[in-house]
Amino acid sequence: MHVILPDGTNLELPDGATGHDAAAAIGPGLAKAALAVRVGDEMRDLARPLADGEQIAIVTGKSGDDHLYVMRHSAAHVMAEAVMSLFPGTRFGFGPPIEDGFYYDFELDAPITEDDFPAIEAEINRIAKAKAPFERSVMSIPDAAAFFAERGQPYKVDQVEELGRQGEADVSLYQERDFIDLCRGPHVHHTGNIGKVKLLSVAGAYWRGSEKNPMLTRVYATSFPSQTELDEYLERIEAAKARDHRRVGRDLGIFYFDEAGPGFPFFLPKGMVVVNEIQSALRTELEAMGYDEIRTPTMLSDELWHQSGHYDNYADNMYFTEVDGQGFAVKPMNCPGACLVFRSTRRSYRELPLRLAEFGHVHRHELSGVLHGLFRVRAFTQDDAHVFCRIDQVQSEVRSILDLTERFYARFGFEDVRMYLSTRPEKATGTQEMWDRAEEALRLALGDREYGIKEGDGAFYGPKIDIQVTDTMGRSWQLGTCQLDFYMPERFGLTYTSAEDTEERPVIIHRAITGSLERFIGIVLEDTGGDLPFWLAPEQARVIPVSDRHAPYADEVRAILRGDGIRCEVDARSESMGKRIRDGELGKVPFLLVVGDREVETRTASLRARHGDVEGDLPLDGLAHALRSAAAGK
RNA sequence: GCCGACGUAGCUCAGCUGGUAGAGCACUUCACUCGUAAUGAAGGGGUCAGCGGUUCAAAUCCGCUCGUCGGCUCCA
């Protein structure tokens with residue numbers, strides 16, 4: 001047989017050869033340094049046999065991310081050993097490496113807290129110093145189950161049995177010193193090679209992620225090959241905290257939360273500027289694309305929600321009230337309202353596609369534990385639209401929606417856009433033929449774009465396209481969505497009159513570009529760290545008079561800029577200039593305009609751009625235009 | 001909702017093993033009138049999240065509730 005090496009060459013090996021054999025075949029130095037073998041995307045132990053034609057890469061201490069993965073996996077074992085020796089009787093769950101670190105789930109008799117971290121870290125370091133080898137062994141499923149049962153490890157037994165159900169005959173175990181754990185590997189050679197370990201936090205996590213199972217204590221930690229890399233990582237975490245949108249939003253006066261309304265954001269005057277600018281940018285696009293804007297009521301009778309199916313499927317997330325003996329529900333979605341608008345008059349095929357947009361403020365009762373700044377709230381504004389059309393119109397409608405979406409994201413500098421097509425799930429409404437046509441239409445609408453496919457991930461009422469962006473910090477966010485719906489038109493009995501004078505059923509395209517304005521603003525705040533682009537900045541320019549006697553001139557500059565549509569303030573406080581410059585910088589104002597004797601004399605203003613140096617004097621004539629050009633050049 | 005931690009002035013935080021509150025920033029006032037990231041001084045501001053308990057005495061110890069944070073889960 002042969003395997004394929006990273007450089008594309010083939011390596012001939014005897015049948016049944018393992019990762020060890022492959023490394024040895026390449027060279028004795030590599031065989032010694034080898035920790036694991038990566039087969040495709042899967043990390044494997046060197047002892048496992050390879051199969052013919054597999055693409056492999058030998059992982060050593062110099063393999064970057066692959067090495068980190070193996071090293072952190074081993075660190076997780078050492079952390080578990082440390083916990084075992086400090087807290088005897090602990091039951092162990094899973095302990096995998098994750099992005100940027102690793103965790104291990106424990107069930108303890110007494111809760112573990114961050115106060116215990118120093119002791120655990122000390123124990124880890126002690127074990128690391130011992131440089132104890134990781135030794136692999138193999139047991140049959142029944143033997144392993146009995147082995148862990150005897151050692152009082154019910155979760156390990158559960159996992160062994162699960163592996164048995166998945167058809168495994170044997171399981172592998174790894175032992176370092178007295179600690180032995182069920183594990184598929186791979187691991188570093190000995191406990192001295194786990195890098196510099198730092199425990200980060202504790203959290204609860206259900207066994208196997210199901211709330212029906214017991215809650216285990218999850219300890220998050222990370223490790224890096226060197227102290228320097230660990231320190232750099234910890235600094236990065238600190239830097240990320242500084243751009244947390246909850247902090248930025250408060251510091252800049254964008255929004256806040258009050259105990260009176262947990263999960264319900266208050267937008268402050270400056271935040272409202274941002275909201276309105278985003279909405280007006282969207283409205284400009286919608287107008288050009290032939291949308292009509294509507295507004296539907298926040299509360300509607302509960303009969304409507306029975307008809308829409310929300311009562312049966314979504315009631316846990318809804319707010320209800322009763323007035324005059326009539327039950328009402330606060331809308332968690334805008335679709336039913338839009339359907340009523342469609343149904344409010346007879347519709348002709350000539351009106352299709354009928355595009356109804358709505359900035360719909362919806363309420364959803366999310367669990368208290370999931371609230372998170374603007375990212376996860378209980379009331380938010382969807383930039384929603386419902387396009388009522390014939391199925392043969394879907395392709396062109398969706399295409400223009402996707403174009404619009406990309407165009408709109410570009411305004412915020414989100415250039416890395418990814419799309420995913422979700423296809424028919426097992427439980428689905430509508431005929432197979434309808435689904436086939438709809439999925440085909442979406443594929444054609446996606447056109448030449450690269451896109452991923454999520455097989456069976458569509459809603460029960462239709463296939464969809466999800467749109468993700470990646471921000472400057474490399475995090476990806478799901479924003480837009482474009483979903484077909486065969487179900488609502490059915491539930492609401494929507495029809496239009498065709499050219500042949502028959503009553504036909506339209507399909508609905510639900511679409512959102514930002515998803516939620518609130519969440520979108522949170523993302524933009526984190527992406528920019530508060531340095532909002534000029535067009536979005538609540539305060540676009542601030543005039544700073546050098547001394548009191550320049551204040552009237554500063555007022556004049558402000559009046560001129562405001563007259564030209566620039567949001568401008570004056571800071572004439574009796575503070576030092578340095579102080580007011582500093583406040584302007586901390587306030588993230590894009591342009592500071594200093595005016596003193598010289599500027600009054602020459603009818604100019606001295607420009608200082610955000611986080612920059614003095615850029616020179618600008619004449620008052622055409623100042624607004626000059627600022628806009630300067631902003632566009634950045 | 002569940003697990004864990006936390007809740008002291010608008011913000012960031014001190015307040016040791018119980019003896020009825022403090023700093024910096026912010027705010028107000030006064031002085032200074034300043035040339036590109038912090039001028040100085042004075043002052044106002046807290047029922048220590050809320051309720052209940054233990055105690056001669058509670059910010060401090062205990063219980064409950066609410067909220068926040070980190071996760072689980074779910075999602076936009």
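So you know, we letter chains A, B, ... as the sequences are listed, proteins then strands, and number each from 1.
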Euclidean distance for P, A5(B) against C61(B) (whole angstrom): 14 Å
Mutual orientation of the aromatic rings belonging to His372(A) and Phe375(A) [parallel < 30°, tilted 30-60°, perpendicular > 60°]: parallel
C74(B) phosphate, OP1 or OP2, under 4.0 Å from Arg364(A) side-chain N/O: no
Contacts of type salt bridge (Lys or Arg N to Asp or Glu O under 4.0 Å), residue Arg218(A), not counting sequence neighbours: Asp105(A)
P gap between C51(B) and A59(B), integer Å: 12 Å
d(OH, Tyr206(A); C1', G1(B)) in whole Å: 7 Å
Which atom pairs, donor and acceptor, lie under 3.5 Å between side-chain atoms of residues 258-268 of chain A and protein residues at least two apart or in another chain?
unit_1, atom_1, unit_2, atom_2, d
Asp258(A), OD1, Ala260(A), N, 2.8
Asp258(A), OD2, Tyr256(A), OH, 3.1

Identified pairing partner of G1(B), criterion: Watson-Crick or G-U wobble below 3.5 Å: C72(B)
Test side chain to side chain contact (heavy atoms under 4.5 Å, CB included) applied to Glu293(A) - qualifying residues, sequence neighbours left out: Arg283(A), Phe359(A)
C1' spacing across the pair A49(B) / C66(B), given as an integer number of angstrom: 8 Å
Touch class at under 4.0 angstrom, heavy-atom based, for Tyr220(A) against every strand present: sugar-phosphate
Separation of U68(B) P from His245(A) NE2 (nearest whole Å): 13 Å
Interatomic distance where CD belongs to Gln468(A) and C1' belongs to A76(B) [whole Å]: 12 Å
Could you list the donor-acceptor pairs under 3.5 angstrom formed between side-chain atoms of residues 313-320 of chain A and any protein atom two or more places apart in sequence or on another chain?
unit_1, atom_1, unit_2, atom_2, d
Asn313(A), ND2, Gly309(A), O, 3.1
Tyr319(A), OH, His365(A), ND1, 3.1

For Arg91(A), all residues meeting salt bridge (Lys or Arg N to Asp or Glu O under 4.0 Å), sequence neighbours excluded: Glu107(A), Asp109(A)
Letter per nucleotide, 5' to 3', of nucleotides 32-38 of chain B [B base touched, S only sugar-phosphate touched, - untouched; heavy atoms, 4.0 Å]: BBBBBBB
Whole angstrom value for the distance that separates C1' of G71(B) from CZ of Phe94(A): 17 Å
Atom-to-atom span, CZ of Arg378(A) to P of C75(B) - whole angstrom: 17 Å
Candidates C11(B), G70(B), C66(B) - which lies nearest the side chain of Arg250(A): C11(B)
Note, Arg378(A) side chain near His363(A) side chain (heavy atom, < 4.5 Å): no
Selected nucleotide, minimal atom distance to Leu371(A) side chain, candidates C72(B), U68(B), A76(B): U68(B)
Separation of atom CG in Asp258(A) from atom P in U68(B), rounded to whole Å: 10 Å
Sugar-phosphate, base or nothing in reach of Gln382(A), heavy atoms under 4.0 Å: nothing
Candidate nucleotides U12(B), C3(B), A76(B), ranked by approach to the side chain of Met215(A) - the nearest: C3(B)
Whole-Å distance separating the NE2 atom of His372(A) from the P atom of G71(B): 8 Å
Between C3(B) and U73(B) - P atom distance, rounded Å: 16 Å
Nearest-angstrom distance from the residue atom CD of Gln478(A) to C1' of C75(B): 9 Å
Touch class at under 4.0 angstrom, heavy-atom based, for Arg247(A) against every strand present: nothing
Plane angle bin for Phe224(A) and Tyr233(A) - parallel if under 30°, tilted between 30 and 60°, otherwise perpendicular: tilted
C1' spacing across the pair A21(B) / U28(B), given as an integer number of angstrom: 22 Å
Identified pairing partner of A38(B), criterion: Watson-Crick or G-U wobble below 3.5 Å: none
Modelled atom types, side-chain donor and acceptor of Glu599(A) and Thr604(A), under 3.5 Å: no
Leu479(A) vs Gly373(A), nearer the 5' end of RNA chain B by closest nucleotide: Gly373(A)
Sugar-phosphate, base or nothing in reach of Val362(A), heavy atoms under 4.0 Å: nothing
